[in-house]
Visitor: 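After the C-alpha cells below, expect a handful of questions from me.
Along the sequence shown, the residues carry numbers beginning at 1. Note that the coordinates shown come from a computational prediction; the quantities given were computed from them, not determined experimentally.
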Amino acid sequence: GLHYASLVFEGERSYGGSIFKGREHTERLRNSANIMDFDLPISDHELDAAKRAVIEANNIVDGYVRAYCWRGSEMMAVSAQQTTQHLAIAAWEWPSYFDPETKMKGITLDIASWRRPSPESAPVHAKAAGLYMICTLAKHEAERKGFQDALMMDYRGYVAEATGANVFFVKDNIVHTPLPDCFLNGITRQTVIQILKAKGIDVIERHILPNEMEDFEQCWLTGTAAEITPVGEVDQYNFEVGELTKEISKEYEKLVRK
C-alpha cells in the first residue's frame, strides 16, 4: 500500500454517536477494493460493528471515521496476488472541514491545473489513495493563492469536482451537476439529489463546460467531510449564497441528525 498505492479508504461522519449511512460506506469500500483486485478481510457486518466500537471507545459523538484497507508486503513488487489484506479504522473529532465562519459566506475556489483522469487511465470509480495525489497538489496550489479549495476539470475539459467534494450549480431554480463518469458518485451527492427531487426541484446531471459558470446563480459542494458547503467564487465566476443553497444545507443537517 505504501509503495504502490494499493490502498482504498472511506470517509464517514458520526453525528450524535451514530455513523451516517455507514453500511453504504462499507459497501463502497468493498467495491473500491474489488476494483483494485483485492477484497476486505472481514464481512460488512463485522466492519460496521468495528466502526461503531472505535467511535464508542474514543467517546466520539460528532466526528470523522476512516476505514482503510491495503495490501501487505509479502510481494514487494507491482505484482501482488499473494499479499495479505490489512484493515484499520481511525476516528477523531472533526466538527467542520472548512472554517465555519467562512463556510456559510461562500468559500472561494481556484481552477486547478490538474485534471481528473479518464476511466481508461485510472480506476476512477474506486476511492483509492493514488487518485488523491493530484487533489493534494491542486489544493496546495489553491491555498498558496489565497483560495480555500480548487475546482478540477476532467480530461475532456468539462467541470468535474473539487479536490474532495462534488459540485452543484443552480440557475432559474434548476440544479445542474456534472455527470460522474470519471470521478466518484459521492454518497453525499446522491443524498442531496434525493433531497432535491423530494422537494420537486429538477436536477440535471450532465457535462458542464467551464464558461457555463458565468450564467449560474448559486454553487455548493457536497461531501462527507465538506457536508454542504456554499461557494461564493470560482476563479473569476461569482455566486450568491442563495435560498436554495441555505435550504439544502439545513435539510441535510436535519437528515444526518435524525
Side-chain angles (χ1 to χ4, degrees), residues 1-14 19-58 60 63-94 97 112 114-140 149 152 155 160-166 180 182-190 223-226:
L2 176 65
H3 288 264
Y4 297 104
S6 288
L7 183 146
V8 294
F9 69 98
E10 278 297 312
E12 310 175 42
R13 272 198 183 270
S14 166
I19 298 172
F20 181 64
K21 295 199 171 182
R23 175 50 66 93
E24 285 96 325
H25 282 284
T26 291
E27 291 172 348
R28 188 171 69 177
L29 182 65
R30 188 177 300 280
N31 183 60
S32 293
N34 292 164
I35 291 171
M36 296 287 286
D37 200 28
F38 61 99
D39 200 4
L40 306 185
I42 61 176
S43 70
D44 289 357
H45 177 75
E46 289 170 321
L47 179 51
D48 289 344
K51 289 188 292 187
R52 287 193 298 270
V54 168
I55 63 170
E56 289 169 7
N58 289 278
I60 291 172
Y64 196 77
V65 181
R66 171 150 296 171
Y68 47 107
C69 185
W70 68 98
R71 286 190 174 105
S73 59
E74 292 86 353
M75 296 176 70
M76 188 44 68
V78 171
S79 182
Q81 295 95 329
Q82 305 304 317
T83 53
T84 300
Q85 280 70 58
H86 301 273
L87 189 142
I89 300 163
W92 57 91
E93 297 284 349
W94 194 8
Y97 187 63
W114 294 95
R115 294 190 174 194
R116 301 309 304 170
S118 77
E120 292 79 23
S121 300
V124 297
H125 298 297
K127 194 169 177 70
L131 291 169
Y132 286 81
M133 292 184 297
I134 57 175
C135 300
T136 296
L137 294 171
K139 186 145 184 165
H140 284 184
D149 204 346
M152 306 181 81
Y155 64 102
E161 59 176 350
T163 59
N166 296 124
C182 66
F183 54 87
L184 280 182
N185 180 11
I187 290 172
T188 308
R189 177 186 185 276
Q190 295 172 50
T224 298

Visitor: Between S121 and Y155, does the side chain to side chain contact (heavy atoms under 4.5 Å, CB included) criterion hold? Intermediate values first, please.
Guide: CA-CA 10 Å; S121 300; Y155 64 102; over 6 Å; no
Visitor: Would you compute the distance between atom CH2 of W94 and atom OG1 of T224 and round it to the nearest 0.5 angstrom?
Guide: 10.0 Å
Visitor: Calculate, to the nearest 0.5 Å, the distance between atoms CZ and CH2 belonging to F9 and W70 respectively.
Guide: 14.0 Å
Visitor: Is any side-chain heavy atom of C182 less than 4.5 Å from a side-chain heavy atom of S118?
Guide: no
Visitor: Please report the closest heavy-atom contact between A162 and D149, naming both atoms and the distance.
Guide: CB-OD2, 3.9 Å
Visitor: Contact between I134 and R116 at the side-chain level, heavy atoms closer than 4.5 Å - yes or no?
Guide: yes
Visitor: Could you check whether S14 and E12, counting side-chain N and O atoms only, form a donor-acceptor pair closer than 3.5 Å?
Guide: no
Visitor: So Y64 and W92, would you call those rings parallel, tilted or perpendicular, with 30° and 60° as cut-offs?
Guide: tilted
Visitor: Can you measure from CD (E10) to CD1 (I19) and round to the nearest 0.5 angstrom?
Guide: 11.0 Å
Visitor: Restricting to side-chain contact (heavy atoms from CB on, under 4.5 Å), what partner residues turn up for E74, sequence neighbours left out?
Guide: T83, T84
Visitor: Give, for atom NZ of K127 and atom OH of Y68, the distance between the pair rounded to the nearest 0.5 Å.
Guide: 14.5 Å
Visitor: Could you tell me whether a side-chain N or O of N166 sits under 3.5 Å from a main-chain N or O of L184, the two making a donor and an acceptor?
Guide: yes
Visitor: Of all heavy-atom pairs between M76 and S73, which one has the smallest distance, and what is that distance?
Guide: CE-CB, 3.7 Å
Visitor: What are the two closest non-hydrogen atoms of A67 and L47, and how far apart are they?
Guide: CB-CD1, 4.4 Å
Visitor: Could you tell me which non-hydrogen atom of L131 sits nearest to which non-hydrogen atom of C135, and how far apart they are?
Guide: O-SG, 3.9 Å
Visitor: Between T26 (side chain only) and D44 (backbone N and O only), is there a donor and an acceptor less than 3.5 Å apart?
Guide: no
Visitor: Quick check against the 3.5 Å criterion: does R30 have a side-chain atom that pairs as donor or acceptor with the backbone of D39?
Guide: no
Visitor: Could you check R71 against Q82 for side chain to side chain contact (heavy atoms under 4.5 Å, CB included), going step by step and ending with a plain yes or no?
Guide: CA-CA 9 Å; R71 286 190 174 105; Q82 305 304 317; over 6 Å; no
Visitor: Considering non-hydrogen atoms only, spot the tightest contact between P41 and C69 and give its length.
Guide: CD-SG, 3.9 Å
Visitor: Might you point out which heavy atoms bring P123 and I35 nearest each other, and give the distance in Å?
Guide: CB-CG2, 3.8 Å
Visitor: For H25 and V65, run side chain to side chain contact (heavy atoms under 4.5 Å, CB included): C-alpha distance rounded to whole Å, both residues' side-chain angles, the deciding distance at 0.1 Å, then the answer.
Guide: CA-CA 10 Å; H25 282 284; V65 181; over 6 Å; no
Visitor: Can K51 and D48 be said to form a side chain to side chain contact (heavy atoms under 4.5 Å, CB included), step by step?
Guide: CA-CA 5 Å; K51 289 188 292 187; D48 289 344; 3.8 Å; yes
Visitor: NZ of K21 to CD of E27: how many Å apart, nearest 0.5 Å?
Guide: 11.5 Å
Visitor: NE2 of H140 to OG1 of T163: how many Å apart, nearest 0.5 Å?
Guide: 9.5 Å
Visitor: More than 12 heavy atoms of other residues, nucleotides or ligands under 6.0 Å from CE of M75: is that the case?
Guide: yes
